[in-house]
Visitor: 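Handing you this structure, nothing more for now.
The chains referred to below are lettered A, B, ... by the order of the sequence lines, with proteins before strands, and numbering in each begins at 1. All values below come from the heavy atoms of this structure, side chains included, with hydrogens, waters and symmetry mates left out.
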Amino acid sequence: MNITKQVEQLLKQGDVDIFLAYRELDGHLIPHGYTLDNLEDLENLKVSQHRYSLEKVATHLTEKKPNLKIGIVARDCNQRALNLLYTWNQLSPENITPLMVNCCPSQTRNHSDCTYLEPKKTGTFKQKKGIDFNENPREFMDNNDNGQRFSRWMYEFSKCIKCYGCRNICPVCFCTDCSLENPDLVEPGALPPEIPIFHLVRATHMAGRCIDCGLCEDACPAEIPLRFLYREMNRIVSDVFDYTPGAGLEKSPFTIIGNEVTLEPRPMDA
Amino acid sequence: MTIKRITFVQEMLKFMGLEGRLHLEWISSAEAQKFARVVTDFTEKITHLGPSPIAGQTRSISMEPHENKRRKHEYHKAG
């Protein structure tokens with residue numbers, strides 16, 4: 001059964017009040033909510049390699065109407081984001097019906113049908129000065145010494161125009177008070193924002209939360225390799241806390257209140 | 001738990017190229033000598049590493065300074 005029929009059935013049976021998917025507008029696919037009142041709209045429903053954090057739309061809808069039943073077209077990354085949002089009580093699994101479609105290469109699925117099928121291209125200048133989007137964090141550590149790493153990251157961060165695009169697109173950014181918008185912490189009207197603190201604050205908040213969908217990197221107009229950064233943050237979380245965000249329904253242990261620990265303090269190597 | 005969080009920050013700073021500038025140690029109020037030793041060692045280590053590369057870089061291009069100050073003030077009043 002094709003996806004249009006499936007959605008039609010879900011709406012007609014009353015399993016969902018609204019179905020979040022995409023429609024074409026002037027040659028672009030944009031997020032769109034399909035409802036029973038506009039069934040004829042369904043012929044515009046399209047699934048392609050374009051992605052948007054539909055689960056973020058679902059979170060906003062749920063904020064307004066907590067009992068709204070929402071259907072959602074989901075790839076593997078959407079599913080991971082949904083798991084995380086369930087964990088943090090932003091959505092409840094009873095109200096969400098995901099319809100799975102093909103996705104980018106991931107640990108759980110082999111199908112590929114998304115923007116990450118073709119790796120992002122890195123220009124020669126960026127390769128020399130900055131950080132290659134497709135580099136492996138381990139190789140980055142091996143190939144660059146302390147000073148090189150520092151100057152490369154400072155080059156990347158200094159491009160930031162503080163558009164908050166990474167935060168706005170992020171499916172798992174749901175705090176009502178964002179510390180990056182607090183005028184006491186981040187000075188309003190100054191560019192670039194205080195680096196590297198601005199980006200490290202976000203990186204810390206992403207640790208144990210980022211589900212590696214890569215939308216932040218896609219959205220960034222300054223081409224900062226955010227996915228690369230957050231991926232390494234989660235590597236640390238996985239090593240230290242033994243936790244992978246979005247894989248299951250347990251909360252991240254990287255919180256204020258902790259658990260028992262067996263690690264020893266590091267010796268000071270002078 | 002503290003140690004896990006600090007390990008996270010240490011690893012993060014290492015990735016950023018700021019390795020070795022954060023140290024965690026448990027010292028009780030009865031361990032004055034340990035305290036003195038740890039602080040001396042760490043001071044020595046930091047002196048050896050030299051000034052932080054971030055120092056002096058954090059001031060960014062801002063709008064007119066007085067305008068900024070006024071804005072901040074308004075925010076304080078509002079908040």
Visitor: Would you mind checking which part of B:V9 comes under 4.5 Å of any heavy atom in chain A, side chain (CB onward), backbone (N, CA, C, O), both or neither?
Guide: neither

Visitor: Can you list the residues of residues 169-177 of chain A that sit under 4.5 Å from chain B, counting heavy atoms only?
Guide: none

Visitor: Any salt bridge between B:E11 and A:R266, counting N to O under 4.0 Å?
Guide: yes

Visitor: Who are the salt bridge (charged side-chain N to carboxylate O under 4.0 Å, His left out) partners of A:R231, not counting sequence neighbours?
Guide: A:D212

Visitor: Could you tell me if the side chain of A:M233 sits less than 4.5 Å from the side chain of B:F15, heavy atoms only?
Guide: yes

Visitor: Provide the closest heavy-atom pair for B:P53 versus A:F150 in the form atom of the first, atom of the second, distance.
Guide: CB-CE2, 3.3 Å

Visitor: Heavy atoms only: give me the nearest A:L200-B:L13 pair and the separation to one decimal.
Guide: CD1-CD2, 4.4 Å

Visitor: Is the centre of the B:F8 ring less than 6.0 Å from the centre of the A:F241 ring?
Guide: no

Visitor: So for A:F198, is it side chain, backbone, both, or neither that comes closer than 4.5 Å to the heavy atoms of chain B?
Guide: neither

Visitor: I need the B:Q10 CD to A:I236 CD1 distance, nearest 0.5 Å.
Guide: 10.5 Å

Visitor: Given that the side chain runs from C-beta out, which part of A:R235 has a heavy atom under 4.5 Å from chain B: side chain, backbone, both or neither?
Guide: side chain

Visitor: Which residues in residues 20-32 of chain B have any heavy atom lying under 4.5 Å from a heavy atom of chain A?
Guide: B:H23, B:L24, B:W26

Visitor: With a 4.5 Å limit on heavy-atom distance, are the side chains of A:L229 and B:M16 in contact?
Guide: yes

Visitor: Quick one: which residue pairs count as a salt bridge (Lys or Arg N to Asp or Glu O under 4.0 Å) with a foot in residues 129-142 of chain A, not counting sequence neighbours?
Guide: A:R138-A:E232

